[in-house]
Chemist: 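Have a look at this one.
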Amino acid sequence: MKETLLEFLYILGGFMAGIIVECVPNFSEGIRADVINAIADAFRAVKGCRVLDVKPDKDHNRTVYTVIGSPDAVKNGLLAAIEIAVKNIDMNTHKGEHPRLGACDVAPFIPIAGITMEECVSLSREAANEIWQRFSIPVYYYEEAALTPERINLAEIRKGEYEGIKAEIHLPHRKPDVGEARLHPTAGAIVVGARKPLIAYNVNLNTADIGVAKAVAKRVRAKAGGLAFVKAMGVMLSERNLAQVSMNLTDFSKSAVYTVFEMVKMEAARFGVAAVGSEVVGLLPLEALVESARYYLQLEDFQTSQILETHLIGE
């Protein structure tokens, strides 16, 4: 069930006395409701682990889960969820628009309150070792947990996707960080790490030409000289017959949501294409929305403290 902002603030207020870590694992199933729900229920069954959001996508064939709780609860919830995924997801037959390496494709740990990034890195190491020991799924580290500069960027690890890593995992530059150089027969591999909060943000275009979305994504993403702290790719939404610019905003304070949206619109216009909607996958910080409100409404001296619900969790 999705909470309203008011309900979420009450929930967060109840957690504030303790250590809070967030985990946003992505599982390679976005179609079968029974499997999606079973994975969510595995998290919920662990005391101290709360599921805040479940976002399935049929075109991506992927579901993003947002969970918070104590470090041990979140780690144990992740292991329980992976056990469900191993039993129900076969990467040999999996198809979807989003890049992926395994049944549980990626699982980042994110510091929220009372925990440092270094401690989240240690937590990711604990989880990785248990994943290999319990399920024989090889693990790659990324972002703050990466062991080499080449593996900081998730896209570099996922090059070639499941099919590519299946053929190349034995090569020196593609060997996992934890476990043997062989994929799980059905669950593939997993990428685990620690990172700052990011915003998964997608913009849909009124065209069925994926080439346009890819061209726009290239102009927007930081790696190609676009906006700082923005990762972007073009994908096709088959059910809606629309092309999409799918993005991760890794630091919204440097590249705001409204800035990204306006640049996507501007670049799409070069091809005679318009944005017909956008979406946030998972959760995002309140301040990111406040920034956009300031911009589009031209609010002067507006502060987050002027939002009634923010006072419910105190200073």
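The structure presented is a predicted model; accordingly, all values stated were derived computationally and were not measured. Starting from 1, each residue takes its place in the sequence as its number.
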Chemist: Is there a path from Val121 to Leu147 through hydrophobic residues (I, L, V, M, F, W, Y) whose side chains come within less than 4.5 Å of each other?
Modeler: no
Chemist: Salt-bridged, Glu291 to Arg294, with N to O below 4.0 Å?
Modeler: no
Chemist: Determine whether Val230 and Asn248 make a side-chain contact, defined as any pair of heavy atoms from C-beta on separated by less than 4.5 Å.
Modeler: no
Chemist: Between the main-chain N or O of Val64 and the side-chain N or O of Asn26, is there a donor-acceptor pair closer than 3.5 Å?
Modeler: no
Chemist: At what distance, to the nearest 0.5 angstrom, does OH of Tyr201 lie from OG of Ser246?
Modeler: 12.0 Å
Chemist: Measuring from atom OH of Tyr142 to atom CD1 of Ile157, what distance do you get when rounded to the nearest 0.5 angstrom?
Modeler: 8.5 Å
Chemist: Under 4.0 Å between a side-chain nitrogen and a carboxylate oxygen: does that hold for Arg158 and Asp105?
Modeler: yes
Chemist: State plainly whether the residues Glu143 and Lys231 are in salt-bridge range, i.e. N to O under 4.0 Å.
Modeler: yes
Chemist: Would you say the side-chain atoms of Asn206 pair up with the backbone N or O of Val273, donor to acceptor, closer than 3.5 Å?
Modeler: no
Chemist: Are the side chain of Gln306 and the backbone of Gln303 linked by a donor-acceptor contact shorter than 3.5 Å?
Modeler: yes
Chemist: Report the C-alpha distance between Arg100 and Glu163 in whole Å, list the side-chain angles of each, state the deciding distance to 0.1 Å, and finish with yes or no for salt bridge (Lys or Arg N to Asp or Glu O under 4.0 Å).
Modeler: CA-CA 9 Å; Arg100 75 283 187 269; Glu163 293 76 14; 3.0 Å; yes
Chemist: Given Glu144 and Arg195, is the salt bridge (Lys or Arg N to Asp or Glu O under 4.0 Å) satisfied, shown in steps?
Modeler: CA-CA 6 Å; Glu144 298 292 334; Arg195 61 163 173 78; over 6 Å; no
Chemist: Assess whether a salt bridge exists between Glu83 and Arg134, defined as any Lys/Arg side-chain N lying under 4.0 Å from an Asp/Glu carboxylate O.
Modeler: yes
Chemist: side-chain hydrogen bond (donor to acceptor under 3.5 Å, both in side chains), that's the test. Do Thr207 and Asp209 meet it? Break it down for me.
Modeler: CA-CA 5 Å; Thr207 179; Asp209 186 350; 5.1 Å; no
Chemist: side-chain contact (heavy atoms from CB on, under 4.5 Å), that's the test. Do Asp53 and Tyr65 meet it? Break it down for me.
Modeler: CA-CA 6 Å; Asp53 190 68; Tyr65 298 79; over 6 Å; no
Chemist: To the nearest 0.5 Å, how far apart are CD in Glu180 and CH2 in Trp132?
Modeler: 4.5 Å
Chemist: Side-chain heavy atoms under 4.5 angstrom apart, residues restricted to Ile, Leu, Val, Met, Phe, Trp, Tyr: same cluster for Val257 and Leu198?
Modeler: no
Chemist: Can you name the closest pair of heavy atoms from Cys120 and Pro111 and give their distance?
Modeler: SG-N, 3.5 Å
Chemist: Do any N or O atoms from the side chain of Arg174 and from the backbone of Ile169 form a donor-acceptor pair under 3.5 angstrom?
Modeler: no
Chemist: If we only count heavy atoms from C-beta on, is the His184 to Thr186 side-chain gap below 4.5 Å?
Modeler: yes
Chemist: Please confirm whether the backbone N or O of Gln244 pairs with a side-chain atom of Asn204, one donor and one acceptor, at under 3.5 Å?
Modeler: no
Chemist: State whether Arg62 and Glu29 are salt-bridged, where the test is any N-O pair (Lys NZ or Arg NE/NH1/NH2 against Asp/Glu carboxylate O) under 4.0 Å.
Modeler: no
Chemist: May I have the step-by-step check of salt bridge (Lys or Arg N to Asp or Glu O under 4.0 Å) for Lys75 and Glu126, ending in yes or no?
Modeler: CA-CA 8 Å; Lys75 182 192 72 174; Glu126 292 176 20; 3.5 Å; yes
Chemist: Could you walk me through whether Val276 and Leu205 satisfy the side-chain contact (heavy atoms from CB on, under 4.5 Å) test, starting with their C-alpha distance in whole Å, then the side-chain angles of each, then the deciding distance to 0.1 Å, before giving a yes or no?
Modeler: CA-CA 6 Å; Val276 292; Leu205 307 177; 5.9 Å; no
Chemist: Quick one: do Lys223 and Glu156 satisfy salt bridge (Lys or Arg N to Asp or Glu O under 4.0 Å)? Show the steps, please.
Modeler: CA-CA 12 Å; Lys223 188 175 180 180; Glu156 292 299 316; 2.9 Å; yes
Chemist: Students often mix this up, so state it plainly: with edges at 30° and 60°, are the rings of Tyr258 and Tyr295 parallel, tilted or perpendicular?
Modeler: parallel
Chemist: Would you name the heavy atoms of Pro108 and Pro25 that are closest together and state the gap between them?
Modeler: CD-N, 4.3 Å
Chemist: Can you find a pair of side-chain heavy atoms, one from Met263 and one from Leu227, that are under 4.5 Å apart?
Modeler: yes
Chemist: Checking Glu262 side chain against Thr259 main chain: does a donor-acceptor pair fall under 3.5 Å?
Modeler: no
Chemist: Is any side-chain N of the basic residue among Lys175 and Glu168 closer than 4.0 Å to the acidic one's carboxylate O?
Modeler: no
Chemist: Determine, stepwise, if the pair Lys55 / Thr63 fulfils side-chain contact (heavy atoms from CB on, under 4.5 Å).
Modeler: CA-CA 5 Å; Lys55 183 72 171 181; Thr63 298; 5.6 Å; no
